[in-house]
Amino acid sequence: MKYLDEYRDRRIARALAAEIAQRTTRNWVLMEICGGQTHTIMRYGIDEMLPKSLELVHGPGCPVCVTPLETIDKALELALRPKVILVSYGDMLRVPGSRSDLMRAKAQGADVRIAYSPTEAVKIARSNPDRKIVFLAIGFETTAPANAMAAWQARREGLTNFSMLVSHVLVPPAIRALMVSETNRVQGFIAPGHVCTVMGCGEYEALVRDFRVPIVVGGFEPVDLLEAVLMLVKQLEAGEAKLENQYARSVSYQGNLPAQQIMKEVFEVADQKWRGIGLIPRSGLRLREEYAACDANRVFDLGELTVDEPAECISAQVLQGLKKPTDCPAFGMGCTPENPLGAPMVSAEGACAAYYHYRRHAVTG
Ligand code: SF4
């Protein structure tokens, strides 16, 4: 299959790994931002193909993992209200809130429905005029255009029973927050290809310039990631810091301009709390004033909530590349995909789930 087989070719992968080993003369710490990339690394054992002096740490690019506990609790509260239909992506149903999760709420009789796109939630609103439909709109820049389109569509149709509980996060401010942190160990980043398909890669130039850190936009197949690692190693060994695009078959410098346009029309940049990490300035999106009627926070007068993370879960450190999932005492013991304590063990993009599914639970489990 074109654009797939060649990116899973063992021979090409081994040749890239050999060149990486030959060019690496010092210790380097690299971070892949996206949870999808983490899963590829674990699934294909890419970290084990690399020299010991090259450490891959996993970043905060799992949308489910960084959705604040407070948002889950708000979704739970809404789901249990009369006449509400709570619509969500499937991954979110098992993410633990502070007391329960949406799957349990559903079992208790709450009308919680799974959707594969936000337009399904608009459709549910259209066909249930006597109910209030709330879509749990989470994610990075990748899902923001579709969520923006749903709000735009609902407003255009005058649907007064559709709203969104929004928790959108942006990648570049998260990289900036990692770089200014006193505990940062990361010396080069693999930026998330899907996000850059929408946003382009131009917005990463400022990070490269401000922190003199190499950034390579990377894809999601094994050969993509090995190529991205090689590009980073070449820069680091040469003392360079540049923005490069390994995923050029999908990502342009400017990105998808119509998608960015609908995002800008519906959302505005705002401070955003990241689960486990805390508040990062201007790292999220909220609905603009013109879309207040679609904002579940306002429609249901939800107010502010502050909830403590479970003490046993070290996901904050995992999401910042400071610890590996197997460093967590609960990994594979008190915390498994069947009984998750934290979101990274639930999500299809969570680092803890990746380690658990692809053999690493043998380490402690
Ligand atoms: S293994 Fe479970 S408890 Fe530990 S960091 Fe991951 S999600 Fe949290």
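Counting starts at 1 for both ligands and their atoms, following the listed order.
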Under a 4.0 Å N-O cut-off, is there an ion pair linking [X] with [Y]?
{"X": "E77", "Y": "R81", "result": "yes"}
{"X": "E240", "Y": "K242", "result": "yes"}
{"X": "K234", "Y": "E244", "result": "no"}

#### Entry: Shell of protein N/O/S atoms around atom 2 (Fe) of ligand 1, taken as anything under 2.8 Å
C335 SG
### Task
Check E237, Q187, E55 against W28 for a side chain to side chain donor-acceptor pair (under 3.5 Å) and give me the one that passes.
E237
### Task
Take V198 and F140 through the side chain to side chain contact (heavy atoms under 4.5 Å, CB included) test and state the conclusion after the steps.
CA-CA 10 Å; V198 174; F140 283 88; over 6 Å; no
### Query
So, H58 and E32: side-chain donor and acceptor under 3.5 Å apart, yes or no?
yes
